[in-house]
Amino acid sequence: QVQLVESGGGLVQAGGSLRLSCAASGSIIYSNTMAWYRQAPGKQRELVAQVTRSGSTNYADSVKGRFTISRDNAKNTVYLQMNSLKSEDTAVYYCNADQILTGGRWYYHCWGQGTQVTVSS
């Protein structure tokens, strides 16, 4: 099983910024679409942003203009730059990869353990 690891979460004041990173524990030969999800207490998990290998992006309406997703294919790492943070952005943020090739095997729907983002107001 492929373990994705998120980092960069923490406590930030409203209007501030954070940059999240996600990488796999192991050497990845190929990864397809990667994405960031989030889940607040008592709420359904939601897609925040996703990016294909070619760089095509998609964002939830609630974060458009504030968040930017990007990836480094050489490092097999995906990032989420979060600006103008609001209290409603408070959630656990999870990294996701739909397809990963590593160790001579394919893995699907891989997730990280999540990183907490708390925005104070």
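The figures here come from the full heavy-atom set of this structure, side chains too, leaving out hydrogens, waters and symmetry mates. Note that the coordinates shown come from a computational prediction; the quantities given were computed from them, not determined experimentally.
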Could you state the interatomic distance from [atom1] ([X]) to [atom2] ([Y]), rounded to the nearest 0.5 Å?
X: C95; Y: L4; atom1: SG; atom2: CG; answer: 5.0 Å
X: H109; Y: Q99; atom1: NE2; atom2: CD; answer: 8.0 Å
X: Y107; Y: S31; atom1: OH; atom2: OG; answer: 14.5 Å

What I want to check is whether the side chains of [X] and [Y] have a donor and an acceptor closer together than 3.5 Å.
X: Y30; Y: N32; answer: yes
X: N83; Y: S17; answer: yes
X: R71; Y: T52; answer: no

Beyond-backbone contact of [X] with [Y], side-chain heavy atoms, under 4.5 angstrom:
X: Y94; Y: N96; result: no
X: S21; Y: E6; result: no
X: R38; Y: L47; result: no

Could you tell me whether a side-chain N or O of [X] sits under 3.5 Å from a main-chain N or O of [Y], the two making a donor and an acceptor?
X: D72; Y: K75; answer: yes
X: S56; Y: S54; answer: no
X: R45; Y: Q39; answer: no

Minimum heavy-atom distance [X]-[Y], with the two atoms named:
X: W111; Y: Q3; answer: O-NE2, 3.7 Å
X: A91; Y: A40; answer: CB-N, 3.8 Å
X: Q50; Y: A35; answer: CB-CB, 3.6 Å

Whether over 12 other heavy atoms sit under 6.0 Å from Q113 CD: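 Counting neighbours around CD of Q113, 12 or fewer heavy atoms of other residues, nucleotides or ligands fall under 6.0 Å, so no.
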Would you mind checking if K64 and D61 are paired as a salt bridge, meaning a charged N to carboxylate O distance below 4.0 Å?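 A salt bridge is present here (some side-chain N lies under 4.0 Å from a carboxylate O).
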Hydrophobic cluster of V117, others only, ordered by chain and residue number, side-chain cut-off 4.5 Å: V12, L18, L20, M34, W36, V48, V51, Y59, V63, F67, I69, V78, L80, M82, L85, Y93, V119
Begin with the C-alpha distance, continue with both residues' side-chain angles, and end with the deciding distance and a verdict on side chain to side chain contact (heavy atoms under 4.5 Å, CB included) for Q116 and T90. CA-CA 8 Å; Q116 177 70 49; T90 295; 4.0 Å; yes
For S121, all residues meeting side chain to side chain donor-acceptor pair (under 3.5 Å), sequence neighbours excluded: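 If we apply the side chain to side chain donor-acceptor pair (under 3.5 Å) test to S121, skipping adjacent residues, there are no hits.
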